[in-house]
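One structure is given here, and the rest of the page talks about it.
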Amino acid sequence: EKNGFDHFMLKEIYEQPSAITDTYRGRLLVDDGIIRMAGVDDNLERFLNAKRIVIVACGTSWHAGLVAEYIFEDLARIPVEVEYASEFRYRNPIINSDDVVIAISQSGETADTMAAIKLAKEKGAFVFGVCNVVGSSISRETNAGAYTHAGPEIGVASTKAFTTQITVLTLIALKLAKAKGSISNTDFHMHLRELETIPGKIEIALNSNEHIKKIAFKYKDVRNCLYLGRGFNFPVALEGALKLKEISYIHAEGYPAAEMKHGPIALIDEEMPVVVIATRKGHYEKVVSNIQEIKSRQGKIIGIVTEGDTSVRDLADFVIEVPDTIEALTPLVTTIPLQLLSYHIAVMLGKNVDQPRNLAKSVTVE
Ligand code: F6R
């Protein structure tokens with residue numbers, strides 16, 4: 001069942017190029033210049049009339065929601081709020097009948113997300129689901145939806161579900177941007193062509209596996225780790241930290257890179273590894289100066305950089321290269337080395353990677 005891989009998690013990390021290809025199937029029609037998604041097409045007016053989109057989810061799916069916030073606002077110019085489902089359901093949220101609520105859930109069974117959906121429906125909102133498990137409770141409770149088609153995810157730590165959720169949400173954002181006219185035709189077609197290259201770029205990112213193993217060996221015994229990113233890659237930093245926490249039990253935190261000076265910089269010393277997403281697109285110079293601040297405090301730097309980068313390489317203890325892509329799509333490639341890094345650290349520490357302590361694959365209780 002593991003297809004020759006030692007763990008489901010590793011198999012699922014390596015499945016991402018084909019999983020994303022499956023997510024595209026029948027939807028991303030590059031030659032025709034269209035994105036076809038029945039759940040969106042059938043409800044296009046609801047989406048276009050929405051004054052805002054509210055995304056509800058938990059855990060890794062919530063991180064995908066945060067990436068989507070940047071993508072929807074950037075491309076489709078629709079205001080987005082992203083909420084933890086558990087908070088949303090208990091805080092008497094302001095929801096109007098012209099709001100669109102997007103619920104994201106791999107399992108489609110998460111109790112908090114389900115409760116948030118029911119509440120949003122009571123208030124008259126249109127609820128759209130992004131689920132992986134076909135026929136799951138959430139996919140049945142929502143008004144419409146789009147499956148991620150990632151295939152079964154067995155490892156408790158979510159990997160291919162995350163990147164396929166981002167893929168579905170990017171397709172929706174682009175579709176709405178086109179319908180609204182908030183993206184030019186040229187830009188729209190450029191995005192479609194670039195999306196098509198993503199599975200191949202993830203393959204290339206996976207080729208760093210052996211190099212990442214060496215980095216994992218070097219840092220496996222640390223007690224703490226920081227993850228920094230900016231813009232589209234800020235949620236990727238949060239996701240990288242969550243992956244490390246849940247399978248290796250090392251304390252990790254993700255931060256927007258510029259927030260470092262407002263507190264977390266106090267933690268930096270020669271014992272602290274800092275994983276910094278510093279791809280060329282997206283506030284590159286600012287992130288490089290954050291890296292300089294870490295270096296001057298003797299922090300250890302692991303940079304996730306664009307192929308051919310030299311500035312970060314000169315400052316960092318290690319760099320991991322990923323292929324270049326347009327800024328909005330960088331999370332799909334920068335996520336890969338972070339998944340591999342936590343995987344290898346957890347394996348080296350002898351942890352149960354596929355079934356970490358205290359965690360379940362679907363959280364059907366509050
Ligand atoms: C992280 C993880 C959890 C889930 C969360 C939501 O690796 O597995 O944080 O992402 O419990 O689960 P779903 O997406 O099934 O609603």
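Atoms within each ligand, like the ligands themselves, are counted from 1 in listed order. When reading the values below, keep in mind they use all heavy atoms of this one structure, side chains included, and skip hydrogens, waters and symmetry mates.
In this structure, atom 5 (C) of ligand 1 lies nearest to the protein heavy atom Cys58 O, 3.7 Å. Scanning the protein for heavy atoms near atom 8 (O) of ligand 1, the closest one is Val156 O, 3.0 Å. Scanning the protein for heavy atoms near atom 11 (O) of ligand 1, the closest one is Val363 CG2, 4.1 Å. Scanning the protein for heavy atoms near atom 3 (C) of ligand 1, the closest one is Thr60 N, 4.2 Å. Nearest to atom 7 (O) of ligand 1 among the protein's heavy atoms is Glu246 OE2, 2.5 Å. Scanning the protein for heavy atoms near atom 12 (O) of ligand 1, the closest one is Thr110 OG1, 3.5 Å.
Residue contacts with ligand 1 for Leu359 are absent, since no atom lies close enough (heavy atoms, distance under 4.0 Å).
Here the closest non-hydrogen pair linking Asn209 and His344 is OD1-NE2, 2.6 Å.
Residue contacts with ligand 1: Lys361 is excluded, as none of its non-hydrogen atoms falls under 4.0 Å. Ser362 does not count as a contact of ligand 1, since none of its heavy atoms falls under 4.0 Å from the ligand.
Atoms of ligand 1 lying under 4.0 Å from at least one heavy atom of Ala157, given by number and element, are 7 (O). Each of the atoms 1 (C), 7 (O) of ligand 1 lies under 4.0 Å from some heavy atom of Lys243. With ligand atoms numbered from 1 in the order given, ligand 1 contributes 13 (P), 14 (O), 15 (O), 16 (O) to contacts under 4.0 Å with heavy atoms of Ser105.
Expressed to the nearest 0.5 Å, how far CG of Asn132 lies from NE2 of His149 amounts to 9.0 Å.
Remark: Asp98 engages Lys51 in a salt bridge, criterion side-chain N to carboxylate O under 4.0 Å.
Counting non-hydrogen atoms of other residues, nucleotides and ligands closer than 6.0 Å to NZ of Lys121 gives a total above 12. Other residues, nucleotides and ligands contribute only 12 or fewer heavy atoms inside 6.0 Å of the NZ atom of Lys213. The environment of Asp31 atom CG is sparse: at most 12 non-hydrogen atoms of other residues, nucleotides or ligands sit within 6.0 angstrom. Atom CD of Glu1 has 12 or fewer heavy atoms from other residues, nucleotides or ligands within 6.0 Å. For Glu109, the CD atom counts as densely surrounded, since its 6.0 Å shell holds more than 12 non-hydrogen atoms of other residues, nucleotides or ligands.
With atom 15 (O) of ligand 1 as the reference point, the heavy atom nearest to it among Ala64, Ser136, Ser107 is part of Ser107.
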